[in-house]
Amino acid sequence: MNLGDKKPEKKPLYVYYIIAIVVIFLLNFLVVPTIQEGSIITTDYSTFLNNVDRGNVTDVTVDGDYIYYVARKDGRDVECKTVAMDDPNLVERLRQAGVNMQEAEPARQSLFLSIILSYVIPIAIFILLGRWLSKKMMSSMGDGPGGMMSFGKSNAKVYVKSTSGIKFADVAGEDEAKELLTEIVDYLHNPHKYAEIGASMPKGALLVGPPGTGKTLLAKAVAGEAEVPFFSISGSEFVEMFVGMGAAKVRDLFKQANEKAPCIVFIDEIDTIGKKRDGGGFSGNDEREQTLNQLLTEMDGFDGSKGVVILAATNRPDSLDPALLRPGRFDRRIPVELPDLQGREEILKVHAKKIKIADTVRFDEIAKAAAGASGAELANIVNEAALRAVRDGRKFATQADFEESIEVVIAGYQKKNRVLSNKEKLIVAYHEIGHALVAAKQTDSAPVHKITIIPRTSGALGYTMQVDEKEHFLMSKEELENKIATFTGGRAAEELIFHTITTGASNDIEQATRIARAMITRYGMSDEFDMVAMENVTNPYLGGDSSLACSFETQTVLDKKVVDLVSGQHQKALKILQDNIGKLHELAKYLYEHETITGEEFMKILEAPMPELQQN
C-alpha cells in the first residue's frame, strides 16, 4: 500500500465537542447580547421619574446598576432602562404610582447559565447516551459473551489451576468413583509412566447417576487434585437459535483446551446435545445434530497425549447416542450412585464441619433415618438443622435438630396454622397406628422409628417413619408383601374402628399399587407370568418411566393379579388389627393425646400387658 493511498486519520470526537462549545460561547457573548440589548431603549433617570409620575410605568425591575422598566408610549409597551441612582424615596414613589416592582429575572442575571441549562447540558446528555448505546450495541454484536456476533465463541467458565480448590477430601461417599478418577489425576501428573508401557488414558469419562449425587463436584475435585485449568460448560449452552453456531462453539472450546493443555473439559448435562440421532435420517433439530457431529469429530481429532481429559455428566445415559459411548470417545463410564449407609455418614460429617454441633450428635443414627438421600439432600439436612438451632436461640445444632430436619426434607415443615377437628385428629391417630401396628406385627418389616399426627406442608396429616437397622440391597417377596400390608394398615384401621373410609389413604394406595405391579411385571414374583418381563423402565436415575410391553389381553390379566395381591395384603392387615384391637385403641389414645410417639415409646406400650378392663 502506497503512502499516498493512506486515508487521513479521523479527528478524535472530543475535538468536535470543543469546537461546539467555542461556538456556543461566541454566540453567547457576541450575538445574543446584541439582540438582547438592541430591543431595550436607554433613558436618563429624570425621564424615568417623569414617566412614573405620569402613570406611564407599569413594571420595574432593579438589576444591579440598572433599572429596567416598561413604559407605555403611543398605546404600546416599550422596554426601557436607566442608570440606578441613590434615591431613598424611589420605593415609596413607585408604590404610590401603583408600579409593580420585582427582583431581577434569572435570565438576565446569567444569560450564559441559561444557555448552559437549556442547550449545552441536554445536548451533552444525548451525546453521552448515544455513545453508551453505541458501545452496548457494538459489544452485543462483537466478541463479548452473549453478543450477537459471539455465537461461535464458547461460553465455558474457566477455572485456573489452584492449590486451594476442591479436593477429593471434600467429596465423601463416592469411594469407587474417586478411585477411578484418581487414575486420571495420576496420568495428568505423571504421563511418562503410562507412555513407557504404551498405555494411553481414556479420552473421556462419563459420570452417570441420579441428581444431587455430586457428579459436578467430582469433576471439580479432579481438576483441583491435578492442579490444571478446568473448563466447565453445560450442554444447553451449545444450543443456539441459528444452525451451525453450536458446532462453532464446540470447535472453539476444544481450541481453547488444546491451547491450555494439560487441562480438563467438563460438559454437564451432555444428554442435551448427545441424544440418539433419528434412525430415518431426518432430525427434528438439525442444530443439535450438527453440534453432536462436531463433538464426535473433535473427540476423534484431538491429541490425547497432550493431557486434555474430557469429563461429562448425565442423568440419562440410556438416551445418549451410541457413537458417543464407543471406545476412543467416552471410554470410561463412572457410576455415581446414591450413597450407602457408611457413605451417608461420611457426607454428613463433611458438611457438619461447616456448622457448630453438639458433642452428642450421632451421625450413624441420622444416616440410618436418611436412607435413600443423595449428597445434596444430606447437605440440605445439615443446613436445616443449623437453621432450626438458630430459630430456637441455640448456638449449636443437636441430635433433635438433625432428626427434625430429616422430617422437613421428607415431609415438609410443620403446618402450625392447620388445626384438625377432634374427630379428624382421632381418625388420623388410628390411621397412623394402623400402619405402625401392622408393621410391628410382621417379622420382615423395618422397625417403627417415629409416629406423628402433626400436619406437614407437604399435605400429609401424619406419617409413620420406619428405619432399617441395616442397609438392604435386596428385598424378598415376603418383605415386599409386608410393605404392601403396612401401606394398607391405615385404611384397615379406619374400616375396623369407624366402619367407613376417608381420603387419607390416597398416597398409601399409590405406593401399594406401585409395589404390587412391579412385583408382577418386573420382578417375576407371580406363578402365572413366571420370569417374563411385562414392563420396560427408562430413565432409572430420574425416577423411572415405565411402559407395559404386553398385549391388551395380558394387561387385563395383569391388572387382576395386582388387585388380588393388594386385596390379599389388605385382608391380612385387617386380621392383624382385629387380633390386636386392644393395643390399637391404647396406642391411638396415646398418640391422640401426645401427637408424636417415638419408636421406643411405641414398642414399650405394645409389649406391655393389657389391663383387664381394656382386654374386655
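Annotation: side chain of I273 is in contact with side chain of L295 (closest heavy-atom distance under 4.5 Å). Side-chain contact between F363 and R344 is absent, with no heavy atoms from C-beta onward closer than 4.5 Å. L338 places a side-chain heavy atom less than 4.5 Å from the side chain of P210. Between V222 and F168 there is a side-chain heavy-atom pair separated by less than 4.5 Å. When side chains are defined from C-beta on, L348 counts as touching V382, because their heavy atoms get closer than 4.5 Å. Between L324 and L292, the closest side-chain pair of non-hydrogen atoms falls below 4.5 Å. Put simply, the side chain of F330 reaches to within 4.5 Å of the side chain of I270, judged on heavy atoms. Within the 4.5 Å cutoff, side-chain heavy atoms of F230 are placed close to those of F266.
Of all non-hydrogen atoms in A313 and L206, the two that sit nearest each other are N-CD1, 4.4 Å. Contact detail for P339 and L378: the closest heavy-atom pair is CG-CD1, 4.3 Å. Here the shortest heavy-atom pairing between K276 and L320 reads CG-O, 3.2 Å. Pairing each heavy atom of P262 with each of V228, the nearest pair is O-CB, 3.5 Å. Contact between A389 and A397 at its shortest, heavy atoms only, is CB-CA, 4.0 Å. Closest approach of A257 and V308 over heavy atoms only: O-CG2, 3.8 Å.
Taking the charged nitrogens against the carboxylate oxygens, R394 and D401 do have a contact shorter than 4.0 Å, which makes a salt bridge.
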(Q) One pair to check against side-chain contact (heavy atoms from CB on, under 4.5 Å): Y45 and I67. What are the steps and the verdict? (A) CA-CA 9 Å; Y45 190 73; I67 296 175; 4.2 Å; yes

Q: May I have the step-by-step check of salt bridge (Lys or Arg N to Asp or Glu O under 4.0 Å) for R93 and D53, ending in yes or no?
A: CA-CA 8 Å; R93 199 167 182 174; D53 294 338; 2.6 Å; yes

Q | Evaluation steps, side-chain contact (heavy atoms from CB on, under 4.5 Å), between F231 and C263 | A | CA-CA 8 Å; F231 292 82; C263 64; 3.9 Å; yes

Q) Checking side-chain contact (heavy atoms from CB on, under 4.5 Å) for the pair I366/I406: CA distance, chi angles, key distance, verdict? A) CA-CA 8 Å; I366 302 167; I406 293 173; 3.6 Å; yes

Q: Could you walk me through whether V265 and V309 pass side-chain contact (heavy atoms from CB on, under 4.5 Å), step by step?
A: CA-CA 6 Å; V265 178; V309 177; over 6 Å; no

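Judged as a salt bridge (charged side-chain N to carboxylate O under 4.0 Å, His left out), and not counting sequence neighbours, R316 has no contacts. Scored by the side-chain hydrogen bond (donor to acceptor under 3.5 Å, both in side chains) test, E424 finds no partners at all (sequence neighbours excluded). Looking at residues two or more places apart in sequence or on another chain, you find a side-chain hydrogen bond (donor to acceptor under 3.5 Å, both in side chains) between T47 and D44. Not counting sequence neighbours, the partners of K425 by the salt bridge (charged side-chain N to carboxylate O under 4.0 Å, His left out) test are E595. For T314, the side-chain hydrogen bond (donor to acceptor under 3.5 Å, both in side chains) test picks out D271, with sequence neighbours left out. By the side-chain hydrogen bond (donor to acceptor under 3.5 Å, both in side chains) test, E225 is found to be paired with no residue, residues two or more places apart in sequence or in another chain being considered. Every residue two or more places apart in sequence or in another chain was checked for a ring pair (Phe, Tyr, Trp, His ring centres under 6.0 Å) with F396, and none qualifies. Checked against side-chain contact (heavy atoms from CB on, under 4.5 Å), N315 has the following partners two or more places apart in sequence or in another chain: P211, K215, E269, L542. With sequence neighbours excluded, the residues forming a salt bridge (charged side-chain N to carboxylate O under 4.0 Å, His left out) with E407 are K450, R456, listed by chain and number. A search for salt bridge (charged side-chain N to carboxylate O under 4.0 Å, His left out) contacts involving R54 returns nothing, not counting sequence neighbours. Considering only residues two or more places apart in sequence or on other chains, A205 meets the side-chain contact (heavy atoms from CB on, under 4.5 Å) condition with I184, L311, R332, I334.
Taken from CZ in R388 to CD in E404, the straight-line distance is 5.0 Å, to the nearest 0.5 Å. With rounding to the nearest 0.5 Å, the separation of CG in N51 from OG in S46 is 9.5 Å. From D59, atom CG reaches atom OG1 of T61 across 7.0 Å, with rounding to the nearest 0.5 Å. L217 CG to D170 CG: the interatomic distance, rounded to the nearest 0.5 Å, is 7.0 Å. Summarising the geometry, atom CD belonging to E377 is positioned 8.0 Å from atom CG belonging to N380; distances are rounded to the nearest 0.5 Å. Residue T297 holds its OG1 atom at 11.0 Å from CD of Q290, rounded to the nearest 0.5 Å.
Note on ring orientation: taking the six-membered ring where Trp is involved, the planes of Y69 and F48 are tilted (angle from 30° to 60°).
In summary, the side chains of N293 and E289 do not present any donor paired with an acceptor at a separation below 3.5 Å, with no hydrogens or angles considered. E298 and Q294 form a side-chain donor-acceptor contact under 3.5 Å, judged by distance and modelled atom types alone.
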When the side chains of residues 350-361 are checked against the rest of the protein, which donor-acceptor pairs come out under 3.5 Å, sequence neighbours left out?
none

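A donor-acceptor contact shorter than 3.5 Å links the side chain of S405 to the backbone of I381. Under a 3.5 Å cut-off, the side chain of T43 and the backbone N or O of T82 do not form any donor-acceptor pair.
In the displayed structure, K178 atom NZ is contacted under 6.0 Å by more than 12 heavy atoms of other residues, nucleotides or ligands.
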